[in-house]
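This report concerns only the one structure given below.
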Amino acid sequence: MLANGQTIIQLVERLAPKSLAMEWDKIGLQVGTLQKPVQKVMTALDVNEEVVEEAIQKGVSLIIAHHPVIFRPLKHLRTDLPAGRLLAKLLAHDIAVYSMHTNLDVANGGLNDWLAEELELQQTEILDVTYQDELKKLVTFVPKSHREQVFQAMANAGAGHIGQYSHCSFQIEGTGTFLPLEGTTPFIGEQGKVEHVDEVRIETVIKSSQQASVIKAMKAAHPYDEVAYDIYPLDLPPFTLGLGRIGKLAEPMTLEEYAQFVKRKLGLEGVRIVGSKDRLVKKVAVLGGSGGSYLLKAAFRGADVMVTGDVGYHEAQDAFVEGLSIIDAGHNIEKIMKPRLASFIQEKLQEQKYKTEVIASEVHTDPFQYL
């Protein structure tokens, strides 16, 4: 069975919900429709004519791109100009384009985490917090026979995440009582008789933004027609997400050594550096895309070097004065999202027995060349 386009997007939005995107961003479905079965999906960094030709040749009907194909408002749709011609070709071949941009940058397990992993950073933290979600405790009571069914449904909906751990809960057995009144159809017991049931109290942590979806999943899996549950506020630091990551190297390197390491790991032809080549690098900040406006934040957080792209002349000067070295690896380092996102989507589709194929675009879209 092929997955519907909307089903595929629901899967990717579990990784990077739209709510994580910056206010100015243009994300979501930009071209075509998701209301169709999809034989093949392709992940891409950019959507240009060469990428669209690749999609046509490979039978792709849905492109999931990092950079929006429509970012600035369109004044016209002229097919004798490049932008209009591109959109016309997508529509003519019924290829939908969905954009995951800053929401994928911010997401836990998204683009900046992929970069941090590739650059072998340890003990990583968020560079700049852009999103906070208050934590709550959800408690419910389940007959022992449905303990695992209900808990798994809650966990699959997002409950029980603490740091790098999922499915966190505390469960204790006890006795529940109830008296089914007239008009009820109890799963256990009978009308007019007090029932004593061996139940399990399940306590778990939820994010405020997930409260409705977790409760819905819990009720759907629960055998009782009236589900008892409690929600408590928690006096704990909120769950945070944000742009960029900062972490430590397992072993210090010189700036020159680390720049060569970055080139090799990210498949780059060249990088620009700011700072002494002999400087010892222990702590690294990384931010995919244009990170010039976050250089001083990285310096304040104690980074020795920041790996990012599109750094301006005066931004580089300011960072140098603050004692921060820079490895400008280019905006195109975000290409790491193509194979990583494709692998994520394929795995999730296979878990649900869908036959839809997911591939990563092989087109190199970096406009810059090195001589």
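Since the model is a prediction, treat every value here as computed from it, not as a measurement.
Using a 4.0 Å cut-off between charged side-chain N and carboxylate O, D128 and K297 make a salt bridge. Ion pair K36/D94 flagged as a salt bridge, since at least one NZ, NE, NH1 or NH2 atom sits closer than 4.0 Å to an Asp/Glu carboxylate oxygen. A salt bridge links K58 with E362; the closest basic N to acidic carboxylate O contact falls under 4.0 Å. Under a 4.0 Å N-O distance rule, the pair K207/D133 does not qualify as a salt bridge. Between R85 and E49 there is a salt bridge, since at least one side-chain N of the basic residue sits less than 4.0 Å from a carboxylate O of the acidic one. A salt bridge does not link E257 to R279: none of the charged side-chain nitrogens sits closer than 4.0 Å to a carboxylate oxygen. Salt bridge R201/E173: absent, no basic N to carboxylate O contact under 4.0 Å. Under a 4.0 Å N-O distance rule, the pair E118/R340 qualifies as a salt bridge. A salt bridge is absent between E251 and K282: the closest approach of a Lys/Arg side-chain nitrogen to an acidic carboxylate oxygen does not fall below 4.0 angstrom.
I246 and V284 are not part of a single hydrophobic cluster, where members link through side-chain heavy atoms under 4.5 Å apart.
In the hydrophobic clustering, where aliphatic and aromatic side chains (Ile, Leu, Val, Met, Phe, Trp, Tyr) are joined below 4.5 Å either directly or transitively, V194 groups with L179, L181. Hydrophobic cluster of V97: the remaining members, joined at side-chain heavy-atom separations below 4.5 Å, are V31, M42, V47, V51, V52, I56, V60, I63, V69, I70, L74, L77, L86, L87, L90, L91, I95, I359, V363, listed by chain and number.
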Next on the checklist: As a quick check of understanding, evaluate ring-ring contact (aromatic ring centres under 6.0 Å, His included) for H331 and H66, giving each step before the final call.
Outcome noted: CA-CA 12 Å; H331 202 115; H66 189 47; 8.0 Å; no
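Residue-environment remark: CD (Q369) stays at or below the threshold of 12 foreign heavy atoms within 6.0 Å.
The backbone N or O of K89 lies less than 3.5 Å from a partner atom in the side chain of H93, making a donor-acceptor pair.
Aromatic ring centres of H146 and F187: separated by under 6.0 Å.
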